Every structure is written in C-alpha cells, then in structure tokens.
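Every chain is numbered from 1, with letters handed out A, B, ... down the list of sequences. Since the structure is predicted, the reported quantities are computational estimates derived from the model, not experimental observations.
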Amino acid sequence: MYPHVESALEYHNAYTLLVAVMLSAQTTDAAVNKVTPELFRRWPNPEAMASAQPSEVGECIRTIGFWRAKAAHCTEMAQILMADYGGEVPQTMEELVKLPGVGRKTANIVLNKMFNTVDGIAVDTHVYRIASRLRLTSAATPLAAEQDLLSLLPHELWKDVNEEWIHFGRDICTARNPTCSACPLSDICPSCGQPNRWFKGSGKKSSKR
DNA sequence: ATCCCGAGGG
DNA sequence: CCCTCTGGAT
C-alpha cells in the first residue's frame, strides 16, 4: 500500500541536525536514522568528529548512499566548525553553505528548524518536481526554482513548504505515476490537463523577471 | 530499472 | 549545462 511511516530525521541539537540533513542527500530518512545513533554515540560533537578518521566514519555510515564523500564531509565539516566557529554551528546561509556537503537545501532546513530564520525555501527533489508540475516555475535549477517560489508564495508559507510538499510529493505527486485521481489540485494542475492559470500563453517561460 | 527530503565539480 | 558519487527500497 502506502509507506505512511512518518520517519523524520532524528537529531538532538543543531550539530546533529546539520549532520543528519547532510547525510540525507539522495537518501531516505529511515536509512539515515539507521546509522546516526552509532555515529552520534561515537562522535557526539564537532570536537570528537574533527579528529575522527574518515575511514572509521565511512564504515559507520556505509549503508547510506554516497557514504565515502559524506564521511569526508563529516570530518572536514567538524574541523571547520572547530577552527572557525568555536565548535558551534553558524547561523547564516552564507556561512552554512561554505561547509562541505552543505548546500542551500540543507542550510535552509537548519536555519528554519534550529535558528528560526526563514528567508528561503528548502527546494529538494519533491518541491522542485511539484513546483514544476504546477508551473509555478520553469527553472532548470533548484536555486532558480527557489527564487520563483519566494516571489510567488507569501512569507508565512515559506517555512512549511518543504515539509508539507514533501508529504504531498511522497504520497500523491510522486516522481513516477503520480496519483492524480487522488490529488486535491487535479482540477487546477496544468500537468493534469488543466490550463495554466498562472502564466497564460507561453507555457514555457516564467522564471525570468 | 528507477528513485530517495543533494552537493560538488567540470 | 552536465556528470558523478552511493546503497537500499520498491
């Protein structure tokens, strides 16, 4: 039937959230949650992780995708946190995206959940797909799609877009064979045979301004 | 076979 | 813009 297992990422603080989200790239939360208890037990903070061997970290997370690169990200990130931020997680987009393995999506999640800063939208594969199908964007990159969504959606919705659209994307608007028959937006969705009501005429451009 | 709550590098 | 990194689930 349906994988209605609400497996959210498990974390205890800003650091473990940052690591958990970084590990979750192209990997399910359930898979990440399977390795993080042991990972955080052995290296609970940046100080411990900064002196860990990437090979040891790699063994610990070997069941998740991209484990080799992510293990290197873990240790390098911790070394930067120790060297530049006193072992704390920085609280700005500019600083976060400089950390290895951390892009805008990860940074937006951390800023939003830990630091209550909402000046972006975390655009992952689900958000990107849904925005594209609804023709809210025709952007070719997540960054450009984020700009379109920021200009289209009121600020009070930004913080909920990622979580809510992900559920929608996982349950209904799936990557393949979306369940349009069960979709509450099917009567307004351009990808379900409905006219594009946001950008009339040219159905192919909208990301410019 | 194809996708998963991406990021880095070319 | 493209490709690669990666294993598990479906």
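For the ring pair (Phe, Tyr, Trp, His ring centres under 6.0 Å) test, residues two or more places apart in sequence or in another chain that qualify with A:W158 are A:H155.
Dashed line: the shortest gap from a side-chain N or O of A:R176 to OP1 or OP2 of B:dT2 is not under 4.0 Å. Distances shorter than 4.0 Å separate none of the side-chain N or O atoms of A:W67 from OP1 or OP2 on C:dT6. Contact annotation: A:T106 reaches the phosphate of B:dA7 (side-chain N/O to OP1 or OP2, under 4.0 Å).
Between the side chains of A:N162 and A:D124, at least one donor N or O lies within less than 3.5 Å of an accepting N or O.
Annotation: proximity of residues 120-131 of chain A to DNA chain B (heavy atom, distance under 4.0 Å) is found for A:D124, A:T125, A:H126, A:R129, numbered in ascending order.
Of all nucleotides listed (B:dG8, B:dC5, C:dT6), B:dC5 comes nearest to the side chain of A:R170. The side chain of A:D29 lies closest to B:dC5 when the candidates are B:dC5, C:dG7, C:dC5. Checking C:dC1, B:dC5, B:dG8 against every side-chain atom of A:T141, the shortest atom distance belongs to C:dC1.
The residue A:A175 sits close only to the backbone: its heavy atoms come under 4.0 Å of sugar-phosphate atoms, none of a base. Within 4.0 Å (heavy atoms only), A:L99 reaches sugar-phosphate atoms of the nucleic acid but no base atom. Backbone-only engagement by A:I64 is indicated by non-hydrogen atom pairs under 4.0 Å involving sugar-phosphate atoms exclusively. At a threshold of 4.0 angstrom between heavy atoms, the contacts of A:P100 are confined to the sugar-phosphate backbone, with no base atom among them.
Across all non-hydrogen atoms, the minimal contact from A:M77 to A:V102 is CE-CG2, 3.7 Å.
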Under 3.5 Å donor-acceptor pairs involving side-chain atoms of residues 83-95 of chain A, not counting sequence neighbours:
residue : atom : partner : partner atom : Å
A:T92   : OG1  : A:E95   : N            : 3.2
A:T92   : OG1  : A:E95   : OE1          : 2.8

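Residues A:K34 and A:A140 both approach DNA chain C. Their nearest nucleotides, taken by heavy-atom distance, put A:A140 toward the 5′ side.
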